[in-house]
Amino acid sequence: MTYAILYHPGHNRVYFETSLKLSVSEFIIAARNLSAECGDIRRQNICGVDYLTFEAKKELSGPDIKIISGLSFVYALFKTEDIGGETYLKPIRKINENFAHESMGTILKYTGKTNEIFTRMMINIAVNSRDDKNTVKNENIKLLDPVAGKGTTLFEGLIKGYDVYGIEIGDGAVNEAYHFVKKFLETAKYKFEHKEMKISGPNKAFTALRHTFITAGTKEDFKNKNTKTVELIAGNSLYANKFYKKNFFDIIAGDLPYGVQHGNVTNEKQSSLTRNPAELLAACLTSWSQVLKPGGIIVLAWNSNVLPRKKMEEIFTEHGLTVKNDDVYLQFKHRVDKSILRDIIVGARD
């Protein structure tokens, strides 16, 4: 039986064209976790409209539909039928059990923001790349963005019902994200509590400010501790292993700064910004890896114009991460603008 997915229209035209290519790889990675074996996955034009179509050897189950519904590019899902030589589409109700409304990732606008649908794709790749098939469920997933900016990755993770944590060296960015989260939860009438804590290392080797929100959709859920965590740390990501316990996170996802709107900073006293992410990774990847669970997945996007993929793979390997290098993981390179050729690398902690 054949299924068709209508692409999400809610992004800019340039990224829409790119998403048609990236969606096939995202689907193939997710399809490994479906109960129905899928094949012939391709982009297909039906009556002048582009769809991603695939063949399934059996009817999609509820859990299958839930996985597909959560993919970044999925706007609507159909089962196709051929009647008298014409293709007809029968809509299938998506299964979304989101914790927060999808608008959360789109409201906060700023220069240099990573496209929220691209961010959603990175999170899906991380979740669906883990070896334990049982872990594709949402339960108890802890996500870290160690280069969180103003929180797009955290918002997309919270939408899916994950506990989300972010580290950003800029006090201003974290302060803005904190005020946004507080206002969003208040406006949407979520029950929540907020705690603020200053952190410092021995002899003040480092300082940081931690904002923690514990939230639930209802008072009853809050009372029963059926809650989610949103945490933002204004501090140096080099000290991720000081902020969090070892083996704490299931997935790490982040879009490394390109040095166009903002650059990497690995030292609070550093006066200039670097456009090459190699310095940031050399300083921080050991710390990031330590807070990732064994078998956990790290997904990073970066500008391959300034750091070739081969070098990025070497850095991952040197830090005890096994790079996922089969063909489907090599299809994510795409141009963002004339100076940025963005790619994604996926690694598993040994």
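Counting begins at 1 with the first residue of the sequence. For the numbers below, each heavy atom of this structure counts, side chains included, while hydrogens, waters and symmetry mates do not.
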*Can you say whether the rings of Tyr165 and Phe248 are parallel (under 30°), tilted (30 to 60°) or perpendicular (over 60°)?*
perpendicular
Taken to the nearest 0.5 Å, the spacing of Asp343 CG from Leu300 CG works out to 11.5 Å
Side chain to side chain donor-acceptor pair (under 3.5 Å) filter on Glu26, not counting sequence neighbours, yields Ser72, Asn124
Sequence neighbours excluded, the answer for salt bridge (charged side-chain N to carboxylate O under 4.0 Å, His left out) partners of Lys142 is none
State plainly whether one hydrophobic cluster holds both Phe213 and Ile107, where clusters connect Ile, Leu, Val, Met, Phe, Trp and Tyr through side-chain heavy atoms under 4.5 angstrom apart. yes
Quick one: does Thr106's side chain get under 4.5 Å of Ser103's, heavy atoms only? yes
Review point. Distance-only, no hydrogens or angles: does the Thr317 side chain make a donor-acceptor pair with backbone N or O of Glu313 under 3.5 Å?
Key: yes
Check your understanding: Is a donor on one side and an acceptor on the other found under 3.5 Å between the side chain of Lys160 and the backbone of Gly70?
Key -> yes
Separation between CG (Asp82) and OG1 (Thr2), nearest 0.5 Å, reads 9.5 Å
query: Does Leu209 reach the side chain of Val174, with side-chain heavy atoms less than 4.5 Å apart?
result: no
**Request:** Could you tell me whether Lys324 and Asp326 make a salt bridge, using a distance below 4.0 angstrom between a side-chain N and a carboxylate O?
**Result:** no
Ile344/Phe118 under side chain to side chain contact (heavy atoms under 4.5 Å, CB included): CA gap, chis, key distance, verdict:
CA-CA 11 Å; Ile344 291 175; Phe118 178 80; 3.7 Å; yes
Q) Taking it one step at a time, do Val299 and Met121 satisfy side chain to side chain contact (heavy atoms under 4.5 Å, CB included)? A) CA-CA 10 Å; Val299 178; Met121 182 188 71; over 6 Å; no
To the nearest 0.5 Å, atom CD1 of Ile251 lies from atom NZ of Lys293 at 10.5 Å
Requested in this report: Look at the side-chain heavy atoms of Ile, Leu, Val, Met, Phe, Trp and Tyr, link any pair under 4.5 Å apart, and say whether Leu232 and Ile214 land in one connected group.
Outcome: no
Ignoring hydrogens and geometry, is there a side-chain-to-backbone donor-acceptor pair from Asn236 to Tyr239 under 3.5 Å?
no
So is Arg210 actually on top of Tyr244's ring, under 6.0 Å and inside 45° of the axis? yes
The side chain to side chain donor-acceptor pair (under 3.5 Å) partners of Glu59 (sequence neighbours excluded) come to Lys79
Side chain to side chain donor-acceptor pair (under 3.5 Å) filter on Asn305, not counting sequence neighbours, yields none
What orientation do Tyr51 and Phe78 show, parallel under 30°, tilted 30 to 60°, or perpendicular over 60°?
perpendicular
Applying side chain to side chain donor-acceptor pair (under 3.5 Å) to Tyr190 and not counting sequence neighbours gives none
Heavy-atom nearest pair, Leu307 first then Trp302, reads O-NE1, 2.7 Å
Practice item. Walk me through it: do Thr212 and Met197 pass the test side chain to side chain contact (heavy atoms under 4.5 Å, CB included)? Key: CA-CA 8 Å; Thr212 306; Met197 178 185 297; over 6 Å; no
Heavy-atom closest pair (Lys94 atom, Ile65 atom, distance to 0.1 Å) is CA-CG2, 4.4 Å
Does the side chain of Asp145 reach to within under 4.5 Å of the side chain of Glu156, using non-hydrogen atoms? no
Give a yes or no on whether the backbone of Ile95 and the side-chain of Ser69 come within a donor-acceptor separation of less than 3.5 Å. yes
| said: Tell me if a side-chain donor or acceptor on Lys228 pairs with a main-chain N or O of Val164 at a distance below 3.5 Å. | reply: no
Do the ring centers of Phe73 and His8 come within less than 6.0 Å of each other?
no
* Would you say the side chain of Thr119 lies within less than 4.5 Å of the side chain of Asp255, judging by non-hydrogen atoms? -> no
task: Check for a donor-acceptor pair, side chain of Thr322 on one end and backbone N or O of Asp350 on the other, with a separation under 3.5 Å.
output: no
Practice task
Ignoring hydrogens and angles, tell me if any N or O in the side chain of Asp163 forms a donor-acceptor pair with the backbone of Thr229 under 3.5 Å.
Solution key: yes
**Item:** Asn128 vs Ile67 side-chain heavy atoms within contact, under 4.5 Å
**Value:** yes
For this session: Show your working on side chain to side chain contact (heavy atoms under 4.5 Å, CB included) between Tyr7 and Arg43 and close with a plain yes or no.
Result: CA-CA 10 Å; Tyr7 291 98; Arg43 173 181 171 182; 4.0 Å; yes
- Query: More than 12 foreign heavy atoms under 6.0 Å from NZ of Lys182: is that the case here?
  - Reply: no
Establish whether Met122 and Leu341 are linked, either directly or via other cluster members, by ILVMFWY side-chain heavy-atom contacts under 4.5 Å.
no
Of all heavy-atom pairs linking Gly149 and Glu168, the shortest is N-OE1, 2.7 Å
In terms of heavy-atom contacts, Val291 and Ala240 come closest through CG1-O, 3.6 Å
Correct closest heavy-atom pair for Ala148 and Gly166 would be CB-CA, 3.8 Å
TODO: In plain terms, say whether Glu116 and Arg120 are close enough for a salt bridge, that is, a side-chain N and a carboxylate O under 4.0 Å apart.
DONE: no
Value for CD (Glu318) from OG (Ser289), rounded to nearest 0.5 Å, stands at 13.0 Å
Value for OG (Ser35) from NZ (Lys57), rounded to nearest 0.5 Å, stands at 13.5 Å
Notebook entry, point to check: Is the backbone N or O of Ser237 less than 3.5 Å from a side-chain atom of Trp288, with the two atoms forming a donor-acceptor pair by type?
Noted result: yes
Residues Leu22 and Gln331: closest non-hydrogen pair is CD2-O, 3.8 Å
Exercise. Is any side-chain heavy atom of Tyr329 less than 4.5 Å from a side-chain heavy atom of Ser129?
Worked result: yes
Task: Residue pair Phe243, Phe206: steps toward the ring-ring contact (aromatic ring centres under 6.0 Å, His included) verdict - done: CA-CA 11 Å; Phe243 303 146; Phe206 64 84; 5.6 Å; yes
Checking Thr153, Asp250, Leu158, Ile252 against Leu143 for side chain to side chain contact (heavy atoms under 4.5 Å, CB included), the one that qualifies is Thr153
Next item on the list: Would you confirm whether the ring centroid of Phe155 sits within less than 6.0 angstrom of the ring centroid of Phe184?
Entry: no
Next item on the list: May I ask you to test the Arg42-Thr53 pair for a side-chain heavy-atom distance under 4.5 Å?
Entry: yes
| Taking the side chain from Ser287 and the backbone from Asn241, do they hold a donor-acceptor pair closer than 3.5 Å? | yes
Side-chain donor-acceptor distances from residues 216-223 under 3.5 Å, at least two apart:
unit_1	atom_1	unit_2	atom_2	d
Thr218	OG1	Asp221	N	3.0
Thr218	OG1	Asp221	OD2	3.4
Glu220	OE2	Asn224	ND2	3.4
Asp221	OD1	Asn226	ND2	3.4

What I'd like to find out is whether the side chain of Lys90 reaches to under 4.5 Å of the side chain of Tyr88, using heavy atoms alone. no
Within 6.0 Å of NE2 in His101, more than 12 heavy atoms from elsewhere:
no
Taken to the nearest 0.5 Å, the spacing of Cys38 SG from Ile68 CD1 works out to 6.0 Å
